[in-house]
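Taking it in order: structure first as structure tokens, then the write-up.
Since this is a predicted model, take the numbers as computed values, not measurements.
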Amino acid sequence: MRRHSFLFLTISLLLIGMGYAVQANTKPVRVVSPDGQLIFTLLPGSQLSYSISLKGVEVVQQSNISIALDNGKVLGHDADVDKRTDRQVNTVAKGNFYKKATVPYVFNEAEVTFEGGYGLVVRVFNDGAAYRWVTTQKGRVKVLTEQSQIKLPTDTKLFAAYAKYRDLFCSFESTYDTLPISKLDTAKVINLPLLATTPNKTRILITESDLQDYSGWNLKSNQPGGNVLDGEFARVVTTIKGMAGGKADYDLSRPTGRGNHIAETDGDRHFPWRVFTVTSSDADLVNSDLVYLLARPSLIEDLAWIKPGKAVWEWWNNWNLWGIDFKAGKNTQTYKWYIDYAAANKLEYVVMDEGWATSMETMLKVVPEINLNEIVNYGKSKNVGIILWGTGYALDKEMTEVYSIYSKMGVKGFKIDFMDRDDQYMVNFMERALREGAKYKLLLDFHGTFKPTGLNRTWPNEINREGIYGNEQNKWSKELTTYQQVLYPFIRLVAGHADFTPGAMRNANKNEFRPIFIQPMSQGTRCHQLAMYVLYDGPLQMLCESPLHYAQDKPVEAFLSDVPTTWDEVRVISAELGKHLVLAKRKGDKWYIGGMAHTPTKVTVNLGFLPKGQFDVQHFRDGFNVDRNGNDYAVSTTTTSNKSSISLDMAIGGGALLILSAQ
């Protein structure tokens, strides 16, 4: 044996001296899901690549990955495996202000290190897989580019949200185009999450988790008619528009200069997870928790001060009140009236949107029509918290003063808007806003920003986030169809919570719908809107309509007062992508079952999951004339048990609600 080893060493040295390399360790690295159905294969060699298969069928074909640094290193080129470390995890994560109180956390993992001070961590779950880069470089490094290819089978269908503007300056609010991968517009960038459906009906939801100190992941097709996507990242911003001619506008954060790299960061770190939910089940897709689980656990120890709930909101309904003895608008009397309504209906918050401050450039100057201290104190007396709107530009500039002054006043948090970027600086700004906000016990609801990446697990004071083509679009657009609204739980909401701002009370079918800025309506039925409070996750939920509309409809008003915004348990009753969804969610001993449909749908709900005993049932359903008037609905009450079933009949663009209370 010693003679053979000596001979091998001698030959190896001779080959090296002659310019030949010794055969590297480039054997494939396979990581298999706990149930054995999903396999992530890492392929080392001259170009590092990976593939994903489900039940023996390759659903992501061999795709190249690498990271290019400014020192000339390209991680993933000539990738020789140095070491592999495996582990298995079967535990439960706590769901803080989430759709589940506890979340099963079960996966197999391999950490693969390569020669050259870097590696990859691969985790494979029963419903998906994820990988992330790990580097052990000294000092700071600049990342020039990241190659993150995704090669999908030909004839794959995509549900893609194109970024609306160039250079990745956008609100991340787009509808989904449904099209073959070969028909993608190569001039446009796709904001994540992206849903792919392969020819064998496998669903692949592509997004990221644990994004920190890096640029956000977007995708792009670079070859017309091709089937390969690659990563698109915003380069670092060197200058922004800011104030133009002494006037502040919505483009305060627009980049006017960019560098040649996507991030400058610590050389010794973990990079964001590239996440693939992979399943042949629409129900499993809706119920995925991968983004939440892959994020860092909470960095806030005391969570007692974080209070989820619902908010009366004035901007959507244009401060529209009537039958009152004062002029409604952006003034103290109006906000005290909103507080009275919130208190009477056990609603936790009032949001004061754009207009309470003198401009979008500052959050420190209040308009003379508003006595903010008086409003906040009045809210305290009624147990109603105040949340203030502001721009990311203003908060970035004034964060310490804003947090110090308004937390002392008693403000509960902020709705921060118009970031419109996902470059490294903006990613870091949002985490800084949450980290510093936690010190002052302040909540944050981010608008005008990119998709969730699990930051709400790390900083649970992120009470909601937009990044969705939401109800506000109905004020000026016809594009928010019931098809889009039914798609959201299968795509956008898989990534995390969404401040869609439901609750519209002027409900119309597609043909009767009109965008009206000061008197907005929605597409779909009344029950379709109400079901969103069950189907759309968000610890802070808005009531977008004028409270006077709710006051005229007592069953709706009572439901909105009662419905929770966080949950203990969720069950998928029935799910069909783009057609309908029915979920059952539990809070304590009470169950809420919500259904939304784009096409006419009848779903029989078997109540066998309920505990023993009798339940009182309140049933909201589409009315018989809902095809003429989307406001038409009916409410009935009955009793039932776990031995029974209930039928939900949903019209075109319809919905249904069941509220089951244990006797």
*asked:* Can a donor-acceptor pair be found, under 3.5 Å and without considering hydrogens, that links the side chain of Thr136 to the backbone of Gly117?
replied: yes

*asked:* With rounding to the nearest 0.5 angstrom, report the CG to CG distance, Asp127 to Leu290.
replied: 4.5 Å

_When you compare the side chain of Thr277 with that of Leu285, does any pair of heavy atoms fall below 4.5 Å?_
yes

*Could you tell me the separation between the CZ atom of Phe615 and the CG atom of Leu660, rounded to the nearest 0.5 Å?*
7.0 Å

*Provide the closest heavy-atom pair for Gly595 versus Leu535 in the form atom of the first, atom of the second, distance.*
N-CD1, 4.1 Å

_Taking side chain to side chain donor-acceptor pair (under 3.5 Å) as the definition, give me every residue that meets it alongside Ser522, ordered by chain and number, with sequence neighbours left out._
Asn507

*Looking only at non-hydrogen atoms, find the nearest pair between Gln541 and Pro502 and report the distance.*
OE1-CD, 3.7 Å

*What are the two closest heavy atoms between Thr156 and Ala196, and how far apart are they?*
CG2-CB, 3.8 Å

*Determine whether more than 12 heavy atoms belonging to other residues, nucleotides or ligands lie under 6.0 Å from atom NZ of Lys587.*
yes

*Taking the six-membered ring of Phe450, is the NZ or CZ of Arg465 close enough (under 6.0 Å from the centre) and on axis enough (within 45°)?*
yes

*So do the side chains of Leu69 and Leu144 get within less than 4.5 Å of each other, counting heavy atoms only?*
no

*So Glu479 and Gln484, side chain to side chain donor-acceptor pair (under 3.5 Å) or not? Walk me through it.*
CA-CA 8 Å; Glu479 294 181 10; Gln484 295 291 328; over 6 Å; no

*Taking all heavy atoms of Phe114 and all of Pro44, pick out the closest pair and write down the distance.*
CE2-CB, 4.2 Å

*asked:* So Glu431 and Gln212, do their side chains get closer than 4.5 Å, heavy atoms only?
replied: yes

*asked:* Ring centres under 6.0 Å, that's the criterion: do Tyr592 and Trp567 meet it?
replied: yes

*Does the ring centre of Phe159 sit less than 6.0 Å away from the ring centre of Tyr176?*
no

*Only pairs at least two apart or in different chains count here, so list each ring-ring contact (aromatic ring centres under 6.0 Å, His included) that has a residue in residues 74-102.*
Tyr98-Tyr292

_Taking side chain to side chain donor-acceptor pair (under 3.5 Å) as the definition, give me every residue that meets it alongside Gln523, ordered by chain and number, with sequence neighbours left out._
none

*Quick one: pull up OG1 in Thr145 and CD in Glu232 and give me the separation to the nearest 0.5 Å.*
11.0 Å

*Mind telling me whether Phe276 and Tyr50 have parallel, tilted or perpendicular rings, with 30° and 60° as the class edges?*
tilted

_To the nearest 0.5 Å, what is the distance between OG on Ser221 and CG on Asp185?_
9.0 Å

*Do His580 and His598 have side chains that get closer than 4.5 Å, going by heavy atoms?*
no

_Side-chain heavy atoms of Val141 within contact of Thr265, under 4.5 Å_ = yes

*Is there side-chain contact between Met596 and Gln485, with at least one heavy-atom pair below 4.5 Å?*
yes

*pair Val278-Phe125: side-chain heavy atoms closer than 4.5 Å*: no

*Gap separating the CD atom of Gln88 from the CG atom of Asn108, nearest 0.5 angstrom*: 4.5 Å

*Between Tyr105 and Phe107, is the gap from one ring center to the other below 6.0 Å?*
yes

*Do Asp177 and Tyr162 come close enough that some side-chain heavy atom pair is under 4.5 Å?*
yes

*asked:* Can you give me the closest heavy-atom contact between Arg132 and Pro272, atom names plus distance?
replied: CB-O, 3.6 Å

*Can Arg571 and Lys585 be said to form a side chain to side chain contact (heavy atoms under 4.5 Å, CB included), step by step?*
CA-CA 6 Å; Arg571 290 175 177 265; Lys585 291 185 175 180; over 6 Å; no

*asked:* Measuring from atom OG of Ser51 to atom CZ of Arg30, what distance do you get when rounded to the nearest 0.5 angstrom?
replied: 9.5 Å

*Start with the C-alpha gap between Asp230 and Asn64, add the side-chain angles, then the distance that decides, and say whether side chain to side chain donor-acceptor pair (under 3.5 Å) holds.*
CA-CA 9 Å; Asp230 205 351; Asn64 296 335; over 6 Å; no

*Tell me yes or no: between the side chains of Ser49 and Gln62, is some donor less than 3.5 Å from an acceptor?*
yes

*Check the pair Gln137 / Tyr118 against side chain to side chain donor-acceptor pair (under 3.5 Å), numbers first and verdict last.*
CA-CA 8 Å; Gln137 311 286 321; Tyr118 71 96; over 6 Å; no

_Can you confirm whether the side chains of Asn25 and Asp80 place a donor and an acceptor under 3.5 Å from each other?_
no

*Of all heavy-atom pairs between Ser148 and Ile65, which one has the smallest distance, and what is that distance?*
CA-CG2, 4.1 Å

*Would you please say whether a donor-acceptor pair under 3.5 Å links the side chains of Arg203 and Thr197?*
yes

